[in-house]
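Notes to accompany the following structure.
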Amino acid sequence: MGYTLWNDKLVNDDEVIIDKEDRGYQFGDGVYEVVKVYNGEMFTAQEHIDRFYLSAEKIKITIPYTKDKLIKLLHELIEINNLNTGNLYFQITRGTSPRNHLFPGDDVLPVLTGNVKEAPRSVENMQNGVKATILEDIRWLRCDIKSLNLLGAVLAKQEAHDKGCYEAILHRDGTITEGSSTNVFGIKDGVLYTHPANNLILSGITRGVILTCAKEIGLPVKEEAFTTEQALKMDELFVSSTTSEITPVLEVDGVKINGSVIGEWTRKLQEQFTTKIPQPLHANK
């Protein structure tokens, strides 16, 4: 866009220098967040910030800014880039030090960076649905940490793409966990199912919003894992994320879900979710 957040300063993009021995670059030693910006406003900002600090704490990185300070910096990043609707990305690494698996000393400071890009809502996917494939979940066992180590997810997403699919739905020993970059939901007999928020999945911020929406529209929820076989027999199936919102899955490995028709409950959830999106400041004028 033009400006990047670099530690506690906003600088021109070409001023940012990442050291070759930054631990994020060499080890993936850091955590990140992606926040959707609608009409210049961060959506569920506090929830993303809270998870960012929690992920950092889990890998023993101390973020050298208060949450209020970080939110202020991110708001300034959005404003200086005149971002209306798009994605805000920020990450923190353990810092720069000579390559060694052991953590560096306290004199090494974490490195914070952030950037934004224009990105419209994926309306076509949300309205028309997508295809998915089921793959083995080969990732590590701390998926609750939103770390920079995404190679397992990258490989799964690429394989899905090569198959002409939008997403890879992952499983461990036949039990669905989540997507390569999404949470997975199934609806059967009027009940919404999704994997419980433990170490095997990332507790998505959008996932949390959806659970609230389900309660508001009277859709019962069971945070209960389901199998690959059950996934293919769901009445409705969808994936969710910050950038995907609620995206219906109409076909999995050639098996049509609900005859490739988007279900009523999914539509109701989409409508309820939309009511929570920040509107333009002068929308009612």
Side-chain angles (χ1 to χ4, degrees), residues 1-100 102-119 142-150 197 202-209 241-243 278:
M1 291 289 290
Y3 291 91
T4 295
L5 175 63
W6 189 19
N7 296 319
D8 61 349
K9 293 180 173 57
L10 298 173
V11 300
N12 290 319
D13 290 342
D14 57 7
E15 294 181 55
V16 179
I17 298 173
I18 303 299
D19 194 285
K20 66 180 182 298
E21 291 194 305
D22 185 290
R23 290 179 63 89
Y25 174 71
Q26 294 191 329
F27 294 106
D29 189 359
V31 297
Y32 77 101
E33 282 290 333
V34 179
V35 181
K36 193 68 181 180
V37 176
Y38 299 102
N39 300 306
E41 292 294 326
M42 287 186 282
F43 182 54
T44 56
Q46 191 62 57
E47 291 86 346
H48 280 282
I49 292 294
D50 288 345
R51 187 175 65 181
F52 185 61
Y53 277 75
L54 182 59
S55 289
E57 180 183 337
K58 287 177 178 179
I59 65 169
K60 300 181 181 180
I61 289 179
T62 300
I63 299 175
Y65 312 104
T66 65
K67 292 181 180 180
D68 287 344
K69 172 67 172 178
L70 180 54
I71 288 179
K72 181 175 182 293
L73 290 169
L74 295 175
H75 272 300
E76 291 173 352
L77 178 63
I78 291 168
E79 290 176 359
I80 198 170
N81 284 294
N82 296 312
L83 179 68
N84 181 40
T85 297
N87 302 329
L88 164 65
Y89 176 92
F90 56 99
Q91 69 173 41
I92 196 162
T93 73
R94 202 176 301 277
T96 299
S97 65
R99 192 177 189 281
N100 189 322
L102 296 175
F103 293 171
D106 294 338
D107 57 322
V108 174
L109 296 176
V111 175
L112 173 70
T113 54
N115 58 79
V116 299
K117 69 175 181 179
E118 292 279 355
R142 290 304 309 273
C143 296
D144 55 306
I145 300 172
K146 199 169 177 69
S147 82
L148 300 179
N149 294 276
L150 292 174
L202 180 71
S203 184
I205 303 304
T206 301
R207 174 185 181 277
V209 175
S241 71
T242 292
T243 55

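Residue numbers run from 1 in the order of the sequence given.
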- Query: Quick one: does E15's side chain have a donor or acceptor within less than 3.5 Å of a partner on N12's backbone?
  - Reply: yes

- Item | Min side-chain heavy-atom separation S241-T206 under 4.5 Å | no

- Item | Atom of K67, atom of D50 and distance for their closest heavy-atom approach | NZ-OD1, 2.9 Å

- Item | For the student: nearest non-hydrogen atoms of W6 and T113, plus distance | CD1-CG2, 4.0 Å

- Is any side-chain heavy atom of V16 closer than 4.5 Å to a side-chain heavy atom of I18? yes

- Query: How about F90 and F52: are their ring centres within less than 6.0 Å of each other?
  - Reply: yes

- Message: With heavy-atom distances below 4.5 Å as the criterion, would you say the side chains of L5 and L74 are in contact?
- Response: yes

- Should the heavy atoms of other residues, nucleotides or ligands under 6.0 Å from NZ of K9 be counted, would the total exceed 12? no

- Message: For the OG atom of S55 and the CD1 atom of I92, what is their distance to the nearest 0.5 Å?
- Response: 12.0 Å

- Message: Quick one: does any side-chain atom of D19 pair with a main-chain N or O of E21 as donor and acceptor, under 3.5 Å?
- Response: yes

- Message: So, taking the atom named CD in Q91 and the one named CG in L148, what distance separates them when rounded to the nearest 0.5 Å?
- Response: 5.0 Å

- Can you name the nearest heavy-atom pair linking L202 to K146, along with the distance? CD2-NZ, 3.5 Å

- Do K72 and E76 sit within salt-bridge range, that is, some charged N less than 4.0 Å from a carboxylate O? yes

- Message: Less than 6.0 angstrom from the centroid, inside 45 degrees of the normal: does K117 satisfy that with respect to the ring of Y89?
- Response: no

- Note on the structure: Of all heavy-atom pairs linking T85 and K36, the shortest is CG2-CE, 4.4 Å

- Query: Would a 4.5 Å heavy-atom cut-off, applied to side chains only, mark L70 and I49 as touching?
  - Reply: yes

- Considering all heavy atoms of both residues, which atom of P278 and which atom of N39 are nearest to each other, and what is their separation? O-ND2, 2.8 Å

- Task: Could you tell me whether the side chain of N7 reaches within less than 4.5 Å of the side chain of L112, counting heavy atoms only?
- Result: yes

- Nearest-0.5 Å distance, CG of residue N81 to OG1 of residue T4: 7.5 Å

- Message: With side-chain contact (heavy atoms from CB on, under 4.5 Å) as the criterion, how do I61 and V31 come out once you've worked through the C-alpha distance, each side chain's angles and the decisive distance to 0.1 Å?
- Response: CA-CA 9 Å; I61 289 179; V31 297; 5.6 Å; no

- Can you find a pair of side-chain heavy atoms, one from T93 and one from F27, that are under 4.5 Å apart? no

- Message: A side-chain contact here means heavy atoms from C-beta on lying under 4.5 Å apart; do N87 and V37 qualify?
- Response: no

- Message: With side-chain contact (heavy atoms from CB on, under 4.5 Å) as the criterion, how do E57 and T62 come out once you've worked through the C-alpha distance, each side chain's angles and the decisive distance to 0.1 Å?
- Response: CA-CA 7 Å; E57 180 183 337; T62 300; over 6 Å; no

- Task: Give the intermediate values and the outcome of side-chain contact (heavy atoms from CB on, under 4.5 Å) for residues R99 and R23.
- Result: CA-CA 8 Å; R99 192 177 189 281; R23 290 179 63 89; over 6 Å; no

- Item | Spacing of E33 atom CD and T242 atom OG1 [to the nearest 0.5 Å] | 7.5 Å

- Query: In Å and rounded to the nearest 0.5 Å, what is the CG to CD distance from N100 to Q26?
  - Reply: 10.5 Å

- Task: Please report the C-alpha distance between K69 and D8 in whole Å, then the side-chain angles of each, then the deciding distance to 0.1 Å, and finally whether the salt bridge (Lys or Arg N to Asp or Glu O under 4.0 Å) criterion is met.
- Result: CA-CA 9 Å; K69 172 67 172 178; D8 61 349; 5.4 Å; no

- Least distance between heavy atoms, I205 atom then E47 atom: CD1-O, 3.6 Å

- Evaluate the side-chain proximity of V11 to Y3: yes if any heavy-atom separation is below 4.5 Å, no if none is. no

- Task: First locate atom OH of Y32, then atom CG of N149, and finally report the distance between them rounded to the nearest 0.5 Å.
- Result: 10.5 Å

- Message: Looking at D106, I want to see if its CG is surrounded by more than 12 non-hydrogen atoms of other residues, nucleotides or ligands under 6.0 Å.
- Response: no

- D22 and R94 ion-paired at < 4.0 Å: no

